[in-house]
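In each ligand, atom 1 is the first atom listed, and ligand 1 is the first ligand listed. From a predicted model like this one, the values you see are computed outputs, not experimental measurements.
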Amino acid sequence: MTYKDVYDSWKADPEAFWMEAAKGIDWVEAPTRALDDSNAPLYEWFSDARVNTCWNAVDRHVEAGRGEQVAIIHDSPITHAKREITFVELRNRVATLAGALRAKGVAKGDRVIIYMPMIPEALEAMLACARLGAIHSVVFGGFASNELAVRIDDAKPKAIIAASCGLEPGRVVHYKPLLDGAIEQATHKPEFCVIFQREQEVANLEEGRDFNWHGFQYGVQPAECVPVEGNHPAYILYTSGTTGAPKGVVRPTAGHLVALNWSMKNIYNVDPGDVFWAASDVGWVVGHSYICYGPLIHGNTTIVFEGKPVGTPDAGTFWRVISEHKVKSFFTAPTAFRAVKREDPKGELIGKYDLSCLQAIFLAGERADPDTIEWTQAKTGKPVYDHWWQTETGWTIAGNPVGVEPLPVKLGSPTVPMPGYDIRILDEGGHELPRGELGAIAVKLPLPPGTLPTLWNAEARFKKSYLEHFPGYYETGDAGMVDEDGYVYIMARTDDVINVAGHRLSTGGMEEVLAAHPDVAECAVIGVSDDLKGQMPLGFLCLNSGCNRPHEEIAREVVQMVRDRIGPVAAFKLAVVVDRLPKTRSGKILRATMVAIADGKDYKMPATIDDPVILDEIREALREVGFAAA
Ligand code: COA
Ligand code: AMP
């Protein structure tokens, strides 16, 4: 079979294609049909099936004789801990944890927030929720209390499972005070919290509300897997949109199982038993799909890595982990390799390790710049495949189907659409553009199994954000083109979302924080190019008239405010004070022009600009704070 055969077979009969893929899943009641389009343009997959995610990710492998295979390897170069958990151990641990949650009243449909670092217990908490049919929502540890509070109020969890702390190089992240602060700030209060106490920090527990992870599991009856409907939400994952209010992406149970299981062989080319490693974090979609669910559903060993590409202890960490744990497929974000390349440009540390186990490297999360791909290919001697997807889709929209047929790599392109995705390039009016022309990237509805059916508690926002601009299509929010060979190219976001070190952030959310400063009259945040992180946020502040405080002091204060309200992960470090912001005559801030000035790129003078002189003022202000290219 070639890629073309597979893609064409999907196109000819999507129903048959996905029913065939569904055979890879253990059903309690098998689906009688794949697509339910009775409520179009909202679609559901395998909705008449009954199934359990935890059974498919854990128990079925024990039943099939893989009980002694390692399911999870934990490798923490920060704590020097290394630990292996087999599938049978995982089954027992997850069943007991689920039993303890059930004893405290957690049942199918209840939400549970998980706020944990990169330890196996984070996956166990996710799987225990899945076992009960409870809906988890993992919150990334780099977010501050306020972000956690927003998610608590939206998801309304019955329980929160957290660790006492996370560990960043040289810094303990005190999760418990962040959690307590979030609960205090939120209107909704969870009934109880479960705290996993790490050796590095033992948190104070609040009598009656907080339970110790170990103590609360003592003597409970393990829980069996609870069958749920195919369209039951497996989890909610919040992601950045245009405003400060994050979007709660809903992941449907059955489509998620089918699509991830299909992707492990066809995209990542691993077989059950192989070791798969995604160096990301459980707080992001990559962590959900390819640290936790995908590998486990497919019977692979997954690695939970608590460390960084550099500095833990050096730029050879990736290579050490790959060779030590015999990783066959490795997945990370381009920014990680840019960090490695900066520390070890000649790739000397690679030579210290035997990488013969490694078959291929996969990149996603942000644009993969050709330099980084070429460097990684040359230094490792391994094929490097870019692929493009989003929190909303949960798996690859365009990629290289290595397990079907590795296609020639074209630098700058994540390759071709995966089955289920009919990609079109549209102009502003929704007309299809010819090959080679740049436009908005849209996917003809329905989206394939596993992708978001809606946003949590926000169907109107779902329709408005994704379906209304181009009726009949899903609007990806990315702009790009398709070339004459059908290769897809991703150029930029069409909204105010930026990508910092592979982390998706909302400039609108940062602007809301800046605007709350008492001296700020108006502000704008843009994403400027950064050699390491791809993009970095940069804030412009216009101060209230009469404010004569030192500008540096106000800039320092807003930087701290973003850190406190959004979190360190926003990486917001720089704000400049300007007299005025460039705008169109209708008052729209010309953010794209400001980005071009900061990056030293050519730009066309916007025809509708109110006062072109302001652009010179912006250039001047940027030069003053060190933007030499401006
Ligand atoms: N908990 C708490 N804080 C966190 C955190 C977490 N889980 N993850 C990051 N942070 C903090 C960092 O410590 C840093 O804080 P600082 O401002 O005090 O230094 C801040 O958030 C910014 O983090 P980051 O942008 O990741 O920068 P970095 O300098 O720590 O590391 C890279 C840079 C490139 C090494 C790092 O971004 C990386 O490994 N990226 C891999 C990409 C990735 O995992 N992407 C996920 C999607 S695939
Ligand atoms: P997230 O939802 O955090 O996974 O971020 C999704 C966004 O990251 C996409 O909409 C793109 O803007 C960007 N992105 C992800 N993968 C790629 C890629 N391979 N190439 C270019 N951009 C990417």
Side-chain angles (χ1 to χ4, degrees), residues 115-118 122 139-144 163 165-175 178 237-241 247 249 278-291 305-312 315 317-318 331-340 342-343 362-369 373 385-400 412-415 441 452 475-480 488-495 497-505 530 532-537 559 562-563 566-573:
Y115 189 54
M116 295 182 100
M118 287 296 288
V139 179
F140 178 62
F143 283 126
C165 68
L167 301 170
E168 284 292 286
R171 175 164 70 97
V172 174
V173 184
H174 311 288
Y175 276 22
L178 290 170
L237 179 57
Y238 289 89
T239 190
S240 300
K247 293 169 168 169
V249 168
S280 177
D281 188 286
V282 284
W284 307 117
V285 70
V286 177
H288 281 64
S289 293
Y290 293 111
I291 295 174
F305 171 73
E306 186 178 41
K308 301 271 173 179
V310 294
T312 58
T317 307
F318 276 179
F331 177 170
T332 192
T335 190
F337 282 125
R338 288 198 295 270
V340 170
R342 196 155 80 168
E343 296 274 305
F362 295 86
L363 298 178
E366 56 169 334
R367 199 180 93 83
D369 52 296
I373 296 186
Y385 301 111
D386 182 17
H387 59 323
W388 166 59
W389 49 296
Q390 312 178 313
T391 305
E392 287 85 343
T393 65
W395 65 286
T396 312
I397 310 172
N400 201 322
S413 166
T415 321
I441 312 182
L452 83 172
E475 183 183 4
T476 65
D478 283 307
V488 180
Y489 292 76
I490 315 300
M491 302 306 192
R493 289 288 304 190
T494 56
D495 54 15
V497 166
I498 59 170
N499 200 312
V500 180
H503 307 139
R504 176 167 158 181
L505 299 167
D530 182 80
L532 176 65
K533 298 194 179 187
Q535 284 183 301
M536 280 290 263
V559 165
V562 174
R563 196 175 170 90
I566 297 181
V569 69
F572 183 83
K573 304 255 152 113

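- Under the 4.5 Å side-chain criterion, counting only non-hydrogen atoms from C-beta, Val172 is in contact with Leu167.
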Report each N/O pair between ligand 1 and the protein that falls under 3.5 Å, naming both atoms.
| residue | atom | partner | partner atom | Å |
| --- | --- | --- | --- | --- |
| ligand 1 | 1 (N) | Gly141 | O | 3.4 |
| ligand 1 | 1 (N) | Gly142 | N | 3.3 |
| ligand 1 | 10 (N) | Glu168 | OE1 | 3.3 |
| ligand 1 | 13 (O) | Glu168 | OE1 | 2.6 |
| ligand 1 | 13 (O) | Arg171 | NH2 | 2.7 |
| ligand 1 | 15 (O) | Arg171 | NH2 | 3.3 |
| ligand 1 | 17 (O) | Arg563 | NH1 | 3.0 |
| ligand 1 | 17 (O) | Lys573 | NZ | 2.9 |
| ligand 1 | 18 (O) | Arg563 | NH1 | 3.4 |
| ligand 1 | 18 (O) | Arg563 | NH2 | 2.8 |
| ligand 1 | 21 (O) | Pro568 | O | 3.4 |
| ligand 1 | 21 (O) | Val569 | N | 3.4 |
| ligand 1 | 25 (O) | Lys533 | NZ | 2.9 |
| ligand 1 | 27 (O) | Lys533 | NZ | 2.9 |

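- Ring planes of Tyr385 and Phe362: tilted class, angle from 30 to 60°.
- Residues satisfying the side chain to side chain contact (heavy atoms under 4.5 Å, CB included) criterion with Arg504, sequence neighbours excluded, are Thr239, Ser240, Gln390, Thr391, Glu392, Arg493, Val497.
- Here the side chains of Leu178 and Val173 are in contact, with some heavy-atom distance below 4.5 Å.
- Under the side chain to side chain donor-acceptor pair (under 3.5 Å) criterion, Glu366 pairs with Arg338, sequence neighbours left out.
- Side-chain contact check for Pro537 versus Phe572: some heavy-atom pair is nearer than 4.5 Å.
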Name each N or O atom in ligand 2 that is under 3.5 Å from a protein N or O, and give the partner atom and the distance.
| residue | atom | partner | partner atom | Å |
| --- | --- | --- | --- | --- |
| ligand 2 | 2 (O) | Thr391 | N | 2.8 |
| ligand 2 | 2 (O) | Thr391 | OG1 | 2.5 |
| ligand 2 | 2 (O) | Arg504 | NH1 | 2.7 |
| ligand 2 | 8 (O) | Gly365 | O | 3.4 |
| ligand 2 | 8 (O) | Asn499 | ND2 | 3.3 |
| ligand 2 | 10 (O) | Gln390 | NE2 | 3.0 |
| ligand 2 | 10 (O) | Asp478 | OD1 | 3.4 |
| ligand 2 | 10 (O) | Asp478 | OD2 | 2.5 |
| ligand 2 | 10 (O) | Arg493 | NH1 | 2.7 |
| ligand 2 | 12 (O) | Asp478 | OD1 | 2.6 |
| ligand 2 | 12 (O) | Asp478 | OD2 | 3.4 |
| ligand 2 | 16 (N) | Gly365 | N | 3.1 |
| ligand 2 | 19 (N) | Asp386 | OD1 | 2.8 |
| ligand 2 | 19 (N) | His387 | O | 2.7 |
| ligand 2 | 20 (N) | Glu366 | O | 3.4 |

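- Between Trp389 and Tyr290, the angle of the ring planes goes over 60°, which puts this pair in the perpendicular group of the 30/60° scheme.
- Side-chain atoms of Ser289 do not come within 3.5 Å of backbone N or O of Trp395 as any donor-acceptor pair.
- Using a 30° and 60° split on the angle between ring planes, Trp284 and Phe143 fall in the perpendicular class, above 60°.
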